[in-house]
Amino acid sequence: MLDLTYIRENADLVKKAIVNKNTGSPDLVDSVLELDEAWRNVTTKLQEIQTAANAEAKKIGEMMKAGKKDEAQAVIAENARLKQVQKDLEEDQRKAAESLEAILLEIPNVPHPSVPVGKTPEDNVVAFEWGEKPTFDFDAVPHWDLLDKYDLADFDRGSKVAGAGFPFYKGAGARFQRSLINFFLNEAVDAGYTEIGAPLVVNQDSARGTGQLPDKEDLMYEAVRDGLYLIPTAEVPVTNLHRDEILSESELPIKYCAYTPCFRREAGSYGKDVRGLNRLHQFDKIELVHFVRPETSYDALEELRSHAEKLLQLLGLPYRRLLMCTGDMGFTQAKKYDLEVWSAGQKRWLEVSSISNFETFQARRMKIRYRPISDGKAQIIHTLNGSGLALPRIVAALLENYQQADGSISIPEVLQPYFGSASINSENT
RNA sequence: GGAGGGGUGGCAGAGCCUGGUUGAAUGCACCGGUCUUGAAAACCGGCAUACCCUUACCGGUAUCGUGGGUUCGAAUCCCACCCCCUCCGCCA
């Protein structure tokens with residue numbers, strides 16, 4: 001959510017953002033300005049009435065104290081008229097505020113000036129590439145064949161028990177994931193993050209805070225009976241951790257890492273994109289979240305990005321960094337990078353991390369502020385997050401890129417202490 | 001799930017029975033000043049949030065868990081909901 005005053009003063013900029021992000025009509029801005037005007041008019045009138053009514057009430061109080069009951073009765077009768085006017089105005093104000101709020105929630109975050117303008121994924125900029133794509137003197141196979149071969153995952157039984165997109169992991173497959181989780185968490189903690197174990201369900205206020213509601217409701221599984229949502233990412237509970245709080249400057253920046261399963265309905269997806277581990281309804285992810293002072297958020301974005309990239313480098317996975325264009329970056333972000341790893345068996349790039357600066361967009365909804373030591377006036381902070389990293393596609397890429405001529409899969413050195421051996425082969429599954 | 005107690009400013013904690021200068025005593029923390037070679041102590045002053053009006057100053061409104069209600073007037077009375085604590089039950 002953007003600041004109303006900001007919209008008032010930068011109407012053209014916000015309109016441009018809506019157009020560039022391709023998320024709706026720029027006329028929304030005009031509606032906001034009109035509704036804001038209307039709300040302020042009503043509010044001013046209402047407050048005048050309240051001022052009058054309060055003054056009368058005070059007078060009555062004094063009369064009662066002085067024992068002038070009859071005089072008081074007369075004022076009471078007169079005040080009843082004011083009360084009716086007040087009620088009507090309150091209703092008007094409530095309606096105006098409601099419409100204003102609703103439209104405000106439809107206005108996207110304004111992209112940072114460094115973000116390229118564009119409409120489709122083709123307009124994203126490949127900002128950086130790292131590593132050599134592996135070459136093979138045999139036919140590299142996709143990961144689903146390798147999962148099968150070593151019985152690392154069972155999709156059919158997952159479908160039976162839960163549904164498509166909820167695989168079982170077995171043996172070395174399950175252990176492999178567990179070793180990645182531990183590796184990622186340890187790296188994050190070493191980089192200065194505080195580890196968080198988070199609730200896997202959140203209430204509506206939390207879902208609204210990070211921007212999943214009102215628009216992206218279809219993304220989430222919902223426990224209707226209890227009004228709870230299964231988290232689509234740890235971003236939701238972890239960012240909401242400080243909702244409605246005023247932090248002190250000395251505790252910033254706050255950096256959290258959290259491992260959680262993530263649940264996504266992914267309604268409407270199909271085809272090769274969902275083959276194997278490419279897209280699941282439940283998957284594991286380690287999420288990194290920053291709470292920072294506004295002036296430092298773009299430094300923090302690069303820092304966060306480098307933390308995620310380091311993991312890929314340690315794992316020896318070739319990857320590229322995309323700077324997302326305005327049309328492909330999403331509603332709530334001001335700037336966003338995607339990291340994609342090369343998947344040698346499928347011969348395609350797979351998105352494994354998305355790193356974003358939300359500036360005040362989330363924090364304003366959540367009322368997360370900090371008190372600067374200098375002037376003491378509470379100020380909205382900036383929030384950022386990024387995956388560090390999402391597991392299934394990392395597993396897919398590792399299996400595919402590290403497959404060997406003899407059919408075994410070697411394990412990157414950094415992972416071996418976690419996994420407990422140097423390869424996956426027919427002996428150790 | 002049952003019974004009882006409670007949710008007040010950054011924190012602690014009065015006020016609620018007996019509705020009326022209580023946006024809220026007091027203490028701590030914090031900020032500024034005096035004093036001091038410096039610091040501490042002491043003393044003086046300041047210190048909630050959001051919003052409206054205003055060039056500005058002044059002024060005003062709302063907020064005592066949340067939402068309703070009673071009343072001329074509610075932190076204070078009534079109702080519902082949420083959360084916390086204690087005891088009981090159930091349970092990994």
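Below, chain A is the first sequence line, B the second, and so on; all start at residue 1. Atoms considered below: every heavy atom in the structure, side chains included; atoms not considered: hydrogens, waters and symmetry mates.
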Proximal nucleotide (of [options]) relative to the [X] side chain:
X: A/Gln47; options: B/rC52, B/rA62, B/rC72; result: B/rC52
X: A/Thr51; options: B/rA62, B/rG60, B/rC52; result: B/rG60
X: A/Lys83; options: B/rA50, B/rC72, B/rU61; result: B/rC72
X: A/Arg369; options: B/rA62, B/rU49, B/rC72; result: B/rU49
X: A/Arg8; options: B/rC52, B/rC72, B/rU61; result: B/rC52
X: A/Ala57; options: B/rU61, B/rC52, B/rG20; result: B/rG20
X: A/Thr44; options: B/rC51, B/rC53, B/rA62; result: B/rC53

Taking atom [atom1] in both [N] and [M], what distance in whole Å separates the two?
N: B/rA62; M: B/rC53; atom1: C1'; answer: 15 Å
N: B/rA56; M: B/rC43; atom1: P; answer: 40 Å
N: B/rU22; M: B/rU63; atom1: C1'; answer: 14 Å

Presence of [X] side-chain N/O under 4.0 Å of [N] phosphate oxygens OP1/OP2:
X: A/Arg40; N: B/rC51; value: no
X: A/Asn203; N: B/rC82; value: no
X: A/Asn54; N: B/rU61; value: yes

In whole Å, I'd like the distance from the [atom1] atom of [X] to the [atom2] atom of [N].
X: A/Asp244; N: B/rA48; atom1: CG; atom2: P; result: 20 Å
X: A/Arg243; N: B/rG65; atom1: CZ; atom2: C1'; result: 14 Å
X: A/Asp226; N: B/rC81; atom1: CG; atom2: P; result: 16 Å

Aromatic ring proximity, centroids under 6.0 angstrom, A/His382 and A/Phe358 | no
A/Glu427: partners by salt bridge (Lys or Arg N to Asp or Glu O under 4.0 Å), with sequence neighbours left out |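 Not a single residue meets the salt bridge (Lys or Arg N to Asp or Glu O under 4.0 Å) criterion with A/Glu427.
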Give a yes or no on whether a salt bridge exists between A/Arg94 and A/Glu98, defined as a side-chain N under 4.0 angstrom from a carboxylate O.
-> yes
State whether A/Glu217 and A/Arg208 are salt-bridged, where the test is any N-O pair (Lys NZ or Arg NE/NH1/NH2 against Asp/Glu carboxylate O) under 4.0 Å.
-> no
Applying ring pair (Phe, Tyr, Trp, His ring centres under 6.0 Å), which residue pairs with at least one partner in residues 218-245 of chain A are found, sequence neighbours left out?
->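 Residue pairs with at least one partner in residues 218-245 of chain A: A/His242-A/Tyr256, A/His242-A/Phe291.
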Base, sugar-phosphate, or nothing for A/Glu56, non-hydrogen atoms under 4.0 angstrom?
-> nothing
Under 3.5 Å for both donor-acceptor distances, Watson-Crick or wobble: does [N] have a partner, and if so which one?
N: B/rU36; value: none
N: B/rG1; value: B/rC88
N: B/rG9; value: none

